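Proteins come first, then strands; the chains are lettered A, B, ... in the order of their sequence lines, and each starts at number 1. Values reported hereafter were calculated over all heavy atoms of this structure, with side chains retained and with hydrogens, waters and symmetry mates removed. Every value quoted in this text rests on a predicted model; they were computed, and no experiment measured them.
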2 protein chains.
Amino acid sequence: MSQSVERALGILPLLAQGPAGLGAVADELGVHKSTALRLLRTLNEHGFVYRCPDGRYRLGARLFALAAEAIENLDIREVARPHLAELNQATGHTVHLALHQDDEVVYVDKVDSRYPVRMYSRIGRPVPLTVAAVAKLLLADLPEAERRALAHRIDYPRYTARSTPDAEAFLRELDLVREQGWATDLGGHEESVNCLGAPVRGPDGRVVAALSVSAPGVVVTAEGLLELLPQVLRTAGAISQDYSGVQERTA
Amino acid sequence: MSQSVERALGILPLLAQGPAGLGAVADELGVHKSTALRLLRTLNEHGFVYRCPDGRYRLGARLFALAAEAIENLDIREVARPHLAELNQATGHTVHLALHQDDEVVYVDKVDSRYPVRMYSRIGRPVPLTVAAVAKLLLADLPEAERRALAHRIDYPRYTARSTPDAEAFLRELDLVREQGWATDLGGHEESVNCLGAPVRGPDGRVVAALSVSAPGVVVTAEGLLELLPQVLRTAGAISQDYSGVQERTA
DNA sequence: AACGACCGTTGCAGCCGACGCAACACGCCC
DNA sequence: GGGCGTGTTGCGTCGGCTGCAACGGTCGTT
């Protein structure tokens with residue numbers, strides 16, 4: 001839509017992969033150096049890009065600040081936090097909270113496991129759509145047409161032998177998840193890690209978020225994890241209720 | 001420099017404070033609605049802005065993803081991580097790693113305390129410049145002129161009675177920190193939390209990062225925390241060495 | 001020391017892309 | 001139904017952005 005903005009935004013993913021000089025940025029964007037310079041300068045003035053002492057460019061502090069601030073302001077987080085902490089306290093496992101935006105599912109909060117062996121994840125990081133329990137929960141609630149379109153649009157990486165192989169299998173899985181009201185990821189992303197998740201619903205009954213507990217097989221078996229289902233469902237229900245209660249929060 | 005980009009970037013901080021409608025954004029920017037619409041659309045196409053079902057705009061997932069990716073790629077992090085984990089293992093306290101960019105100091109990694117009472121912090125979040133141990137370490141290494149300019153440019157919020165009160169006190173503190181090679185924050189940010197930090201130096205001897213251990217007074221006294229100084233210094237030294245060894249990593 | 005290669009920076013003219021206007025299309029409440 | 005407050009579209013005009021070319025700096029090389 002807006003050329004210069006588009007180009008400027010295109011710079012950011014480039015720099016996310018690592019620092020780069022003016023020339024490299026210009027080449028990558030396919031524009032003249034002077035153009036790239038102007039864009040980088042404006043980005044720099046606003047703190048989105050940081051100029052290293054050696055002249056190369058990196059992503060700037062402002063970006064991190066914004067992301068942090070935005071995450072703070074996601075209201076579901078505030079409501080959910082105490083419940084997540086409680087679930088973590090009760091089970092000892094890592095607890096995640098995730099949201100759906102566009103074609104991505106992102107973790108917006110987590111409470112780390114008390115066990116030394118922890119699952120690797122990071123707040124703000126996109127979740128593998130086809131295997132993660134929270135992703136299945138969030139996507140299963142989409143209207144049918146949208147769900148089908150999405151299922152055929154995305155890729156199906158074979159993280160492990162148990163990863164969802166294709167769109168058909170994924171849609172079947174989503175149907176199952178929607179029906180039973182909870183979801184699992186049994187070694188679909190990393191061979192030795194299992195997850196169990198449940199949906200958080202808004203006042204209109206639609207799924208607005210999803211939470212999950214994750215634990216490596218060495219800590220608890222898949223069967224053992226499934227025994228936590230009632231607790232997980234109860235926590236998700238409690239958050240749903242709290243969230244529907246407060247409801248409007250027009251900033 | 002570049003008008004449209006500048007405007008587009010101006011939108012993001014607005015939305016960080018909470019969701020807003022098209023009209024509100026246009027008013028705030030001082031531009032026509034149609035202009036704001038185009039900017040929002042481009043931001044939206046790139047995932048930096050997310051359109052709520054109710055038509056309002058929020059910050060988008062891409063922003064989180066970028067921030068996460070960039071933080072992953074900060075190479076000091078990778079080098080430091082095992083050392084931080086070790087320090088955490090040995091002491092049990094929360095360990096932070098921070099960097100300096102422009103006028104901000106940001107946490108880029110942390111390992112949580114094993115104690116139930118934890119200090120509140122978040123990766124990517126700006127650190128209070130005037131009191132945090134890591135901030136003092138990073139700023140103390142600036143060239144004198146820059147240090148003085150910065151000291152007079154920033155604010156001195158009185159978080160607690162022990163917060164640094166003004167520029168003069170701050171500069172004195174920085175001199176002390178630079179000389180002794182380590183820094184503390186004894187209740188300067190939150191009354192009951194103490195920190196002890198040390199600098200990580202690059203191949204040229206300049207401070208490139210800072211780490212700290214933090215613990216609430218209920219877990220360990222300030223004196224007890226100070227006894228960890230040798231360990232903290234050793235860890236910082238080990239990271240410096242590793243970092244200077246690998247050195248070049250031109251992406 | 002002089003050279004050349006490379007990178008970042010500046011001024012400028014032309015042109016295209018962004019701007020604001022005005023009109024339209026919705027949903028809502030008085 | 002009429003008024004409002006949204007968000008949206010098409011269009012002409014002007015201005016901001018673009019790419020060029022030329023400059024200045026810092027290396028490494030001969």
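For the side chain to side chain donor-acceptor pair (under 3.5 Å) test, residues two or more places apart in sequence or in another chain that qualify with A/Asp103 are A/Arg153. Partners of A/Glu173 under the side chain to side chain donor-acceptor pair (under 3.5 Å) rule, at least two apart in sequence or in another chain, are A/Lys136. Taking the side chain to side chain donor-acceptor pair (under 3.5 Å) definition, one finds that B/Arg178 meets it with B/Asp175, sequence neighbours left out. Listed by chain and number, the residues in a side chain to side chain donor-acceptor pair (under 3.5 Å) with A/Asn44 amount to none (sequence neighbours excluded).
In this structure, OG1 on A/Thr235 lies 6.5 Å from CG on A/Leu211, to the nearest 0.5 angstrom.
Among the protein residues, B/Gly55 comes within range of no part of the nucleic acid, since none of its heavy atoms lies under 4.0 Å from any strand.
Summarising the geometry, the separation between CZ on A/Arg51 and C1' on C/dG8 is reported as 7 Å, rounded to the nearest angstrom. Straight-line distance from the CG atom of A/Leu22 to the P atom of C/dG8: 5 Å, rounded to whole Å. The CG-P distance, from B/Leu37 to D/dC11, rounds to 17 Å in whole Å. The separation between B/Lys33 atom NZ and D/dG10 atom C1' is 15 Å, rounded to whole Å. Nucleotide C/dG8 holds its C1' atom 14 Å from the CG atom of A/Asp27, rounded to whole Å.
B/Thr42 and A/Ser2 share no side-chain donor-acceptor pair at under 3.5 Å.
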For DNA chain D, the dot-bracket pattern of Watson-Crick and G-U pairs whose distances stay under 3.5 Å, | for other-strand partners: .||||||||||||||||||||||||||.||
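Taking the side chain as every heavy atom from C-beta outward, A/Phe48 and B/Leu12 approach each other to under 4.5 Å.
Classified by interplanar angle (parallel below 30°, tilted 30° to 60°, perpendicular above 60°), the ring pair A/His96/A/Tyr107 is parallel.
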B/S/- contact track for nucleotides 11-22 of chain C, protein heavy atom under 4.0 Å: ------SSBBBB
